[in-house]
Protein chains: 2
Amino acid sequence: MIPATDTRSRIVTAAKTRFHSRSYANVGIQEICESAGVQKGSFYHFFASKRDLALAVIDEFADDWANGFVAEAFDPALPPLERIDYLIDAAYFWQKSIKEVHGRMLGCIFGNLTLEVSTQDDILRAKLLAIFSAAQSRFKDALDQAVADGTLAPLDTALTAEAMLAYLEGVILLAKSQNDPELLYRLGPAIKTLRIEQASA
Amino acid sequence: MIPATDTRSRIVTAAKTRFHSRSYANVGIQEICESAGVQKGSFYHFFASKRDLALAVIDEFADDWANGFVAEAFDPALPPLERIDYLIDAAYFWQKSIKEVHGRMLGCIFGNLTLEVSTQDDILRAKLLAIFSAAQSRFKDALDQAVADGTLAPLDTALTAEAMLAYLEGVILLAKSQNDPELLYRLGPAIKTLRIEQASA
DNA sequence: GATTTTCTTGACCGAACGGTCATCTACTCA
DNA sequence: TGAGTAGATGACCGTTCGGTCAAGAAAATC
């Protein structure tokens, strides 16, 4: 079921790079339309509002990740703790390649959008929260398997997974403040030192 | 040398709460002026641009922290590792009290602004970077003392300090996505599990 | 072939954006 | 008393903002 035109996807593609490299508020619909070669009326045929576009952009980025780096990193064939290393590596190389092309460290869209809009739009916030929850699950699965393996001493896998996700986002934030993806390389591996013990019964 | 009027500080105060609770781009100068009871012409008597206002806002927030929670947390009288606990506690209670008053977790302004503007404005980015560097130094001092104490096994204190700062920012980001400061309470203490070993010679 | 639905066009809306400016007031200092 | 300066006023600038709408073109459906 291929759509008759690719108008909608051209809009989303134009919006993705712009939201990622600047911010949600700083990119106007007019600019997106011009870049996609689309009239404004056409835009509002496909999207009810700017927020709706943002939701679509988030979905596409999530798909890119799930079908790209993340899928490779969380390959069940890999030893569970190596998957985490792999993910950090993937994030590092991705940010590095963006900087080489774009001249800037753009960071994580989900983090960027979260800090920008989550006090102003609960629908966007809920969407971003769902993305983070899914990411946390990936971490948790890896940790659970590592514990089952015996390669990792038992701990609170849910909380540790959340801590690891937080750490990754924080490292990307700091790297963006330095416009330098190398920080990911230096700080990233320490993610595996994070531990939250099980609450005693 | 007290200024004749408090116009400038009224502007900064009005801007602080708004930038913190929404975003840089989403708050207009007109709104700030109205809230401060100031005319636009007067605003531009004190600030050359909106960016200049942002710089002043960042400075005031940094002062608030340095003279408030941070000063207490990094009290040299406290055992060094307890200072880190104290800081996490302070961040937690601060975010919690903001949510009680405001209904929202607003997060860390420095983190918020970093992700929003650092690809678009190198002057603001440099300012925020300086704030983070200062924070990192506080962590590093505490770690250095703990190592000197013997309460902490030797490690790379500079990198570990940076990792801790990243973790703190990341936890605040995730908490904001959940609009729930309690995440800081659950994840915060794990900051002390972070370790980056010295590179071997 | 006729009708309905999908998509596109481009003008248009009021409001807000960051920023400028000439003018006026009030205070300082000589 | 007079000159200079710091501060305040409010109208004004061009531009962009997110969003609407009536009309037409194209495609799918019957």
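Throughout, protein chains are lettered first and strands after them, A, B, ... in sequence-line order, and every chain is numbered starting at 1. The structure presented is a predicted model; accordingly, all values stated were derived computationally and were not measured.
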For atom CG of B/Asp6 and atom C1' of D/dA6, their distance in whole Å:
15 Å
Atom NE2 of B/His45 and atom C1' of C/dG19 are separated, to the nearest Å, by 16 Å
Could you state the OH-P distance from A/Tyr24 to D/dC17, rounded to the nearest angstrom?
13 Å
In B/S/- notation, 5' to 3', how is nucleotides 19-26 of chain D contacted by protein heavy atoms closer than 4.0 Å?
BBB-----
Rounded interatomic separation in angstrom, taking CD1 from B/Ile32 and P from C/dA16
15 Å
note: A/Phe47, atom CZ; C/dT6, atom P; distance rounded to Å ~ 17 Å
Parallel, tilted or perpendicular: which one describes the rings of B/Trp94 and B/His20, with boundaries at 30° and 60°?
parallel
Donor-acceptor contacts, no H, no angles, side chain residues 180-189 of chain B, under 3.5 Å, sequence neighbours left out:
residue, atom, partner, partner atom, Å
B/Asp180, OD1, B/Glu182, N, 3.0
B/Glu182, OE1, B/Tyr92, OH, 2.9
B/Glu182, OE2, B/Tyr92, OH, 3.0

To the nearest angstrom, the CG-C1' distance between A/Leu53 and D/dC17 comes to 15 Å
Spell out, as yes or no, whether a donor-acceptor pair under 3.5 Å connects the side chain of B/Glu116 to the backbone of B/Ala25.
yes
Give a yes or no on whether a salt bridge exists between A/Asp64 and A/Lys16, defined as a side-chain N under 4.0 angstrom from a carboxylate O.
yes
Taking atom C1' of C/dG18 as reference, at what distance in whole Å does atom CG of B/Asp121 sit?
14 Å
Taking atom P of D/dT9 as reference, at what distance in whole Å does atom CZ of B/Phe46 sit?
11 Å
Any salt bridge between B/Asp89 and B/Lys96, counting N to O under 4.0 Å?
no
Can a salt bridge be assigned to the pair A/Asp121 and A/Arg125 using a cut-off of 4.0 Å between side-chain N and carboxylate O?
no
